[in-house]
Structure formats: structure tokens, C-alpha cells
Amino acid sequence: MRVLGRWRRPHAVPPARISTRDLVREALAGVLQRPARSTLTTLGTVVGVATFVAVLGLTATTGAQISKRFTVLAATEVTVEDIAADADLEGPPFTPDAESRALAIDGVDQAGVYWFAGSRPVGRLPMADSAKLDAYPVVAASPGAVLAMRPTLAAGRLYDEFHDGHRQHVAVLGQAVAQRLGITRLDTQPAVFVDGVPLTVIGIVADAQRHGELLLSVTVPRATAEDLWGPPASGDPTRMIVETRLGAAQVVAAQLAVALRPDAANRLRVTAPPDPRSLQEGVAADLSALFLLLAGICLVIGAVGIANTTLVAVLERVPEIGLRRCLGARGRHVAAQFLTESAVLGTLGGLAGTALGATAVVAVAVLWEWTAVLEPWAVLPAPALGTLTGIVAGLYPALRASRIPPIQALQR
Amino acid sequence: MSTPAVEFAGVGRTYPGPPPVRALQPADLIIEQGQYVAVVGPSGSGKSTFLNLIGLLDTPTTGRYRLDGIDVGQLSEPQRGALRGRRIGFVFQAFHLMPHRTATENVMLAMLYTGVQHGERAARAADALASVGLAHRVAALPTTMSGGERQRVAVARALVNRPSLLLCDEPTGNLDSATATAILDLFDDLHRTGVTLVVVTHNDDVAVRAQHVITIRDGILEERRYPTEARP
């Protein structure tokens with residue numbers, strides 16, 4: 001052995017480096033060489049992204065469905081009621097030609113007035129002691145009002161202008177009332193006695209899309225009711241129901257009060273349904289907020305899964321890390337490799353999750369015969385969401401890997 | 001006179017503890033280019049500390065170390081890492097091969113961080129594998145290879161960057177005697193081609209193959225020289 005007495009200046013040492021292409025190649029190799037582990041690692045992201053896409057897709061799909069329902073029912077109904085301080089003093093709110101005035105407005109399909117004519121004893125036979133009879137609500141409604149309530153008949157027919165105009169003693173029973181009274185068929189022209197007055201039952205209502213209380217009521221023509229029991233009491237004001245064409249409710253509502261009572265438009269309060277678009281947006285926004293939160297939770301769970309598995313992988317691959325450090329890799333090279341692997345896993349999970357989520361949306365839509373709605377803004381960035389999840393999840397394990405000293409790594 | 005491969009001037013290593021442990025006493029040492037040196041000593045004597053220092057895996061607490069004339073004490077950690085990757089080849093007892101990669105891919109890994117173009121790596125890896133007698137096993141996975149073949153792949157990986165120093169840590173520790181002899185014959189061949197070899201071992205059969213034997217006892221370096229004619 002001998003010792004040299006002089007020392008030279010250190011030579012320039014070219015830095016260790018790895019190209020991006022090599023980094024991606026190494027990361028892909030790391031992922032593909034352990035297919036089972038990689039598949040299990042990506043499951044969290046797959047579930048998270050699939051939930052994200054499915055939730056957004058199903059929200060949009062159900063939102064459209066809800067909107068459609070709202071549009072065809074609630075969004076075509078306008079009601080008008082009397083808000084006069086003293087109806088007895090000011091006279092009836094609706095003129096006799098109120099229905100024709102309403103029908104003259106473009107966009108109106110049906111219109112009619114109705115009021116609650118009180119609960120009255122109803123029986124199959126005239127009884128001296130009406131207190132022994134059950135009382136049922138009696139609704140006085142013009143034919144147009146009954147049509148606007150969209151009833152479905154179980155038997156018989158509805159009354160019409162002829163019945164109303166001639167103040168005929170006819171009634172339409174709700175199915176529940178008919179059953180209580182034991183009326184199941186109409187070919188025998190059964191009658192009921194309301195307050196002791198006989199009314200021929202000409203129809204039984206099985207369902208009503210609007211004003212479901214028809215099922216529990218006895219409905220009589222407006223003029224007949226007035227004839228029998230007088231005008232509506234001040235406690236039960238007359239109302240008008242108007243059915244409009246799709247999308248016309250707002251416009252009709254704006255004109256209705258003046259059209260019905262040009263002399264006292266302020267006396268009438270017109271209630272239009274909420275704007276279907278804002279309603280749809282509101283419902284969709286509420287659902288989206290809720291389900292986005294759920295999707296976010298799923299993604300966090302997925303990220304924790306990736307982070308956990310990657311951390312375990314780092315610990316298992318300590319000898320490999322040591323080898324790479326011996327071969328000249330810097331800590332940040334090791335970190336970059338693990339981060340890239342994590343990002344690749346996240347991206348693959350994101351792609352698989354997007355496909356799975358989209359499939360789920362289409363499957364549900366087909367099953368329920370809905371129209372599948374998949375917004376591009378929700379589907380297209382979903383794989384990137386997986387990548388982001390992978391990167392975030394890989395940060396800590398990558399940092400841990402970069403800090404493993406080669407000596408420690410090679411002692412394994 | 002050519003630049004020595006390794007120069008230690010008062011190089012020592014003390015671990016701070018507590019209590020502080022002086023794992024390697026300050027020592028002077030020169031290993032010339034092309035020398036074949038064995039490092040022996042009982043367990044806990046400081047062999048691993050010596051290997052870590054000479055392999056730039058650890059830094060001395062005292063003294064100065066020059067590798068190929070480069071004062072490594074003046075280098076940053078990334079520079080030391082780069083120097084390690086380019087100038088030192090490692091052969092481990094446990095081979096440290098990537099099980100899912102072929103022999104060629106394992107050897108190519110050594111060139112990943114040294115700036116060798118990807119297209120050139122395969123050819124150089126094939127040459128390195130041929131030089132250790134594995135030209136016929138370039139596409140084999142380590143899991144399908146014998147222990148001797150795996151160690152030859154590790155040697156090829158260590159040599160592919162044409163390092164100044166080949167550091168071997170118990171290279172025959174996991175091999176049967178016949179395979180170990182074949183590996184030692186390979187080292188002899190490498191020595192004849194001018195490769196500088198430092199082999200850390202506790203096996204005297206391995207040590208007697210070297211030109212020089214450094215013994216480490218209680219952290220103190222001593223040198224024994226085998227006369228060429230006395231070598232088995």
C-alpha cells in the first residue's frame with residue numbers, strides 16, 4: 001500500500017438522468033409485470049371513478065325523467081282563487097262565462113270552476129235520520145274542471161255541459177265512496193241520496209292525476225250544486241283549474257286574471273307551477289350535489305386504497321430501490337418512478353371505471369326504459385380523475401421510496 | 001504512473017450512536033488499476049462499512065477518498081450517485097436481479113441512469129452477457145436460471161458500464177462449490193483483462209485467488225500479500 005501525497009481537483013461528473021420515455025417504460029413494466037397486484041390496486045380507483053360516472057349519468061338520466069313528469073303534469077296546471085276580503089259583498093268571483101273566457105286564451109286546453117260544497121250525508125236509500133249516514137265531501141265542479149283534473153274512470157262516464165246546463169241530478173263517485181256504498185256497476189242506474197236528494201250515479205272515478213281527493217268525494221255538476229245547496233259558502237271559495245298546453249302555463253297565468261275579471265283582476269290570485277326549467281335545474285342541482293359528494297367519498301376511498309397498496313409495494317421493493325440507487329438512480333428518480341407507476345395505475349383504473357360507470361348508466365336506463373343521459377363533461381375527464389387520484393395517492397409512497405438509503409435497501 | 005482506482009487517506013467511519021461506534025479506524029489504502037483485492041474478516045469487523053465507503057454508498061466521517069482520482073468528498077450526493085453508477089459495478093450475494101425481467105433487461109437496467117441511448121443498451125447488454133458465457137441465455141428469466149447463471153447475469157450487469165471498480169459482496173455465498181469455482185474462474189478472467197476487483201468475503205478459498213488480501217479486525221485494516229506462486 002502507498003499513499004499519494006497530492007490530490008487532484010474533482011473531475012466533472014455527468015449527472016445521473018433518466019428520460020421521460022424510459023421513466024414511462026419502467027413504470028409500465030412495473031405495472032404489467034405484476035398484473036394481479038396491479039389489478040387489485042386499481043380496483044379502488046375503478047370503483048371510485050365508476051361511481052362518479054354512474055352517479056353523474058344516473059343523476060342526469062333521472063333528472064330528465066323527473067323533469068318529464070313535472071312537465072306533463074304539474075307544469076301544465078294553473079289555478080285561480082278568490083282572495084276578496086268579503087266575497088259576499090263583492091259578489092261571485094267568476095262570471096258565468098269564466099270558462100269560455102279562459103278557453104279563449106291561447107294555450108288553454110281545459111278550464112272550469114269548482115268548490116267544496118261541504119260534507120254531506122250520503123246513502124243508498126232516503127233516510128229520515130240523516131245522522132245515521134256517513135258524510136262524504138261533495139265537490140261542485142263544472143265539466144271543464146272535472147276534465148282538467150284528469151280523472152280515469154272505473155265505470156260509466158263523466159257529466160257534460162248538457163247535464164250541467166240542465167241542472168240534472170247526476171253525480172260521479174270516487175271509487176272509495178262507491179265501494180263504501182256498495183256500488184259496483186252502473187248498468188242498473190243506481191242512485192245515491194245526498195242530503196236526502198237523489199242523484200243518479202253516472203260514473204265512478206278510479207284515479208285522478210290532479211286532485212286525488214276526487215276518489216273520496218261525490219262530484220256533482222256546478223249548476224246542480226248551486227240549485228240544491230246554493231252558492232259556495234264564503235269559507236270555501238270558488239276556484240278555477242286550468243289545464244294548459246306544454247310550456248304555456250307561465251304565459252297563460254300571466255293573462256288569466258285580466259281575462260277573467262278585467263274589472264277586478266286584483267281579486268284573483270293566479271298560481272302557476274314553477275318554471276319547469278328552473279325546477280329541473282333545481283332538482284338536478286340538489287341530486288348532483290348529493291351524489292357528487294358520494295362519488296368524492298368513493299374516490300377518496302379509492303385513493304387511500306392505492307396509497308396503501310403502493311406503500312406496501314414500496315416496502316416490498318426495497319431491495320429493488322437499493323439496486324437502482326447502486327446503479328446511480330437519485331432519490332427523485334425513484335420517486336418519479338413510483339409516482340409514474342401510481343399515475344399509470346390511476347389512469348388505467350380511471351379508464352376502466354369510466355367504461356364501467358357508463359355501462360351501468362346505460363344498463364339502468366335500458367332496464368327502466370329511460371333515456372340514458374351521459375354528459376360529455378362528466379365522462380371525458382373521468383380517466384383524468386383517475387390519473388389525479390393515482391398521483392395524489394402515490395405522493396407519500398413515492399416520497400418514502402426516495403428516502404430509503406441504498407445501504408438499508410441492500411441489507412434486505 | 002496511472003491514477004490509482006482507489007485512494008484512502010485517513011478514511012474512517014464512526015456511527016454517532018449513542019453510544020458512538022468507530023466501525024472503521026482511519027486508514028490509508030491504495031488499490032491500483034487492475035488489482036484483484038480480497039477483503040476478509042470476521043462478522044462485525046467492519047467489512048460492510050468498508051464496502052459501503054468504497055462503493056460510495058456511505059460517506060466517511062474522517063479522511064479523504066479518491067476514486068479514479070476524483071475527490072469524492074467534494075461531490076454532492078447526486079454527483080456521488082452518478083459516479084457510483086458510472087464507475088462502480090456491484091455484485092451481491094443475493095444477486096438482486098429483477099425476477100420478471102429477462103437477463104438482457106436486467107443488464108440493461110445498469111445503463112438506465114447513465115445516459116446510454118435505449119437502442120444501444122440491448123447490444124451492450126448482449127455483449128456483456130456473452131463475456132460471462134451467457135450468450136445463449138439472453139432471453140431467460142432469472143427464475144428459470146441456476147444460481148451460477150444468475151450470478152453471471154449480475155456480473156454482466158456490473159460490467160456493462162465498463163466500471164473502474166468491480167465490488168463483490170460475498171459473491172459465492174449462495175452458490176455450491178462447483179458453481180462458486182466457476183464464478184471465481186470468471187473473476188480471474190476479468191482480472192486478466194484488466195478489471196479492478198475488490199471482493200469482500202469470509203471464505204479463504206475466495207481470498208486466496210486475489211493478489212492482495214486486506215484483513216479487517218475490529219475496524220482496523222491490515223494487508224497480506226499472497227506471492228503469485230503461492231496462489232492456488
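Between B/L190 and B/V155, some side-chain heavy-atom pair lies under the 4.5 Å cut-off.
Contacts between residues 332-343 of chain A and chain B, counted as heavy-atom pairs separated by less than 4.5 Å, involve A/H333, A/Q337.
Using a 4.5 Å cut-off between heavy atoms, A/R325 touches chain B through backbone and side chain atoms alike. If you measure heavy-atom distances from A/R330 to chain B, the contacts under 4.5 Å come from the side chain alone.
Counted within 6.0 Å of NE2 on B/H100, heavy atoms from surrounding residues, nucleotides or ligands total more than 12; the atom is thus considered enclosed.
Of the possible polar contacts, none joining the A/D22 side chain to the B/L112 backbone as a donor-acceptor pair under 3.5 Å is found. At distances below 3.5 Å, at least one donor-acceptor pair connects side-chain atoms of B/R121 with backbone N or O atoms of B/V116.
Among the candidates B/M98, B/H118, B/R157, the residue making the largest number of heavy-atom pairs closer than 4.5 Å to chain A is B/H118. The choice from B/D169, B/T114, B/D58, B/I31 that makes the most heavy-atom pairs within less than 4.5 Å of chain A is B/D58.
In this structure, B/E77 pairs ionically with B/R80, as a charged nitrogen and a carboxylate oxygen lie closer than 4.0 Å. Residues A/R324 and A/E26 are paired through a salt bridge, judged by an N-O separation under 4.0 Å between the basic side chain and the carboxylate.
The aromatic rings of B/H96 and B/F92 sit perpendicular, their planes meeting at an angle over 60°, well past the 30° parallel limit.
Minimum interatomic distance between B/T104 and B/A122 (heavy atoms only, all atoms of both residues): CG2-O, 4.4 Å.
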